[in-house]
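Bear in mind the structure is a predicted one, so any value in this text is a computation, not a measurement. All chains are named by letter (A, B, ...) in the order of the sequence lines, taking the proteins before the strands, and each is independently numbered beginning at 1.
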2 protein chains.
Amino acid sequence: MTQTDRRTENLTTALRRAGVRITRQRAALLAVLAEADDHPEATELQRRAEEVVPGISLSTVYRTLTELETQGVILRHQFEGTPARFEHSETQHHDHMIDVDSGEVVEFANERIERLQAEIAEAMGYEIVHHRLELYVRKKVAREP
Amino acid sequence: MTQTDRRTENLTTALRRAGVRITRQRAALLAVLAEADDHPEATELQRRAEEVVPGISLSTVYRTLTELETQGVILRHQFEGTPARFEHSETQHHDHMIDVDSGEVVEFANERIERLQAEIAEAMGYEIVHHRLELYVRKKVAREP
DNA sequence: GTCCCTGCAAATGTTTTGCATGTGG
DNA sequence: CCACATGCAAAACATTTGCAGGGAC
């Protein structure tokens with residue numbers, strides 16, 4: 001049993017305890033999400049899940065993603081100009097850089113930025129519920145052409 | 001002549017030079033945008049513009065907003081869970097805090113965060129095209145109830 | 001007068017929902 | 001078994017677009 005399988009198993013148990021039935025469709029999506037190290041959108045997740053559950057409908061994919069988001073299992077990102085993209089939330093908090101040319105998503109974390117954000121909110125009488133930091137970037141060329 | 005009027009007039013001239021015809025609809029939207037100190041969405045801008053140009057269509061509003069964004073006159077923000085919201089871009093760069101309870105948008109600027117972002121991108125071989133920092137916040141209560 | 005712009009209606013793309021049927025626990 | 005999940009089709013929603021007529025310059 002791989003570590004990913006074990007993680008998925010624990011998750012499944014936790015979800016069941018939370019009253020979420022683990023159907024074939026949901027199990028497939030959980031597996032797909034656990035394996036994914038990119039940030040796929042709903043249709044891509046459907047495509048990947050179909051290898052296990054042919055005919056899984058897009059509505060079910062969306063309904064499941066919403067449920068998993070509610071349960072805190074996954075994160076939904078709305079980057080500019082694309083459908084929502086998803087990732088499992090078992091990793092450390094991080095923000096995203098999006099390569100505007102390739103669409104590739106790179107994760108990064110910076111403790112100082114996090115702290116500054118909290119301070120700013122605090123100073124204005126607010127507390128942060130969540131935040132969103134996205135850097136839309138382009139690969140640097142060694143020298144101007 | 002107010003300062004807002006003067007700004008709008010200069011803008012109009014600049015846009016005309018850029019080959020953008022200033023129709024009644026566009027003039028109305030420019031005026032509405034210049035006056036607005038909030039972050040209205042397209043339908044709200046249509047509502048406000050209708051006081052000057054009754055019957056202005058939503059397509060025209062969207063088309064104009066896209067054009068003005070291209071010309072660098074306005075900024076389009078896609079906050080979570082709402083249609084796009086717009087603001088004129090004549091002010092200093094800033095980021096946004098969104099009160100999740102009221103939907104109110106508060107602007108803030110922080111030079112250190114800006115610098116950190118640039119450094120992070122730089123360190124990973126990228127340059128920032130643009131970025132997006134949104135703090136979804138809640139008003140702090142003096143003491144837990 | 002010439003293009004560009006407008007309004008309308010229809011299309012688009014993503015996501016949600018109503019309903020009859022299927023199935024996990 | 002039965003409450004909840006699914007698939008399908010249709011709706012919802014924000015935004016864009018094709019087209020015929022109108023207006024800025």
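- Side chains of A:H39 and A:E107: a donor on one and an acceptor on the other come within 3.5 Å.
- Rounding to whole angstrom units, CD of residue B:E50 and C1' of C:dG7 are separated by 12 Å.
- Counting non-hydrogen atoms under 4.0 angstrom, B:A84 reaches the backbone sugars and phosphates but no base.
- Checking B:H88 against B:E35 by side-chain atom types alone, no donor-acceptor pair falls below 3.5 Å.
- Side-chain N/O atoms of A:S59 include none lying less than 4.0 angstrom from OP1 or OP2 on C:dT16.
- Scanning atom types as modelled, no donor and acceptor separated by under 3.5 angstrom connect the side chain of A:R26 and the base of C:dG24.
- Remark: P of C:dT15 and CG of A:L45 are 11 Å apart, rounded to the nearest angstrom.
- Donor-acceptor pairing under 3.5 Å, judged by distance alone, is present between the side chain of A:R63 and the base of D:dG7.
- Using modelled atom types and a 3.5 Å distance limit, the side chains of A:E67 and A:Q71 yield a donor-acceptor pair.
- Checked by distance alone, B:R16 brings no side-chain donor or acceptor within 3.5 Å of a matching partner on the base of D:dC25.
- At a cut-off of 3.5 angstrom, the base of D:dA24 holds no donor-acceptor pair with the side chain of B:R24.
- B:L15 places its CG atom 16 Å from the P atom of D:dA24, with the value rounded to the nearest Å.
- Each of B:T66 and B:T23 has a nearest nucleotide on DNA chain D; the 5'-most of these lies closest to B:T66.
- B:T12 and B:R26 are not linked by any side-chain donor-acceptor pair at a separation below 3.5 angstrom, with hydrogens and angles left out of the test.
- Axis angle between the ends of the helix from C:dG1-D:dC25 to C:dG25-D:dC1, five pairs each and rounded to 10 degrees, works out to 40°.
- Residue order along DNA chain C, read from the 5' end via each residue's closest nucleotide, puts B:V53 first among B:V53 and A:R76.
- Between B:R21 atom CZ and D:dG22 atom C1' the separation is 11 Å, expressed in whole Å.
- In this structure, A:Y62 places its OH atom 18 Å from P of D:dA9, rounding to the nearest Å.
- B:R138 and A:Y126 share no side-chain donor-acceptor pair at under 3.5 Å.
- The side chain of B:Q78 approaches D:dT15 more closely than any other nucleotide in the set D:dG7, C:dG7, D:dT15.
- Looking at the side chain of A:T60, the nearest of the listed nucleotides C:dT6, C:dT14, D:dT6 is D:dT6.
- Side chain to side chain, B:H93 and B:E114 meet the donor-acceptor criterion of an N or O pair below 3.5 Å.
- Between B:Q46 atom CD and D:dA14 atom P the separation is 12 Å, expressed in whole Å.
- Heavy atoms of other residues, nucleotides or ligands lying less than 6.0 angstrom from CD of B:E111 number more than 12.
- Counting any heavy atom pair closer than 4.0 Å across all strands shown, A:Q25 reaches sugar-phosphate atoms only and no base atom.
- Here D:dT15 presents its P atom at 13 Å from CD of A:E80, a figure rounded to the nearest Å.
- Atoms CG (A:L58) and P (D:dA9) sit 13 Å apart, rounded to a whole Å.
- Aromatic rings from A:H131 and B:H96 are positioned such that their centres are separated by 6.0 Å or more.
- Residue contacts shown for A:G19 are absent, as no nucleic acid heavy atom lies under 4.0 Å away.
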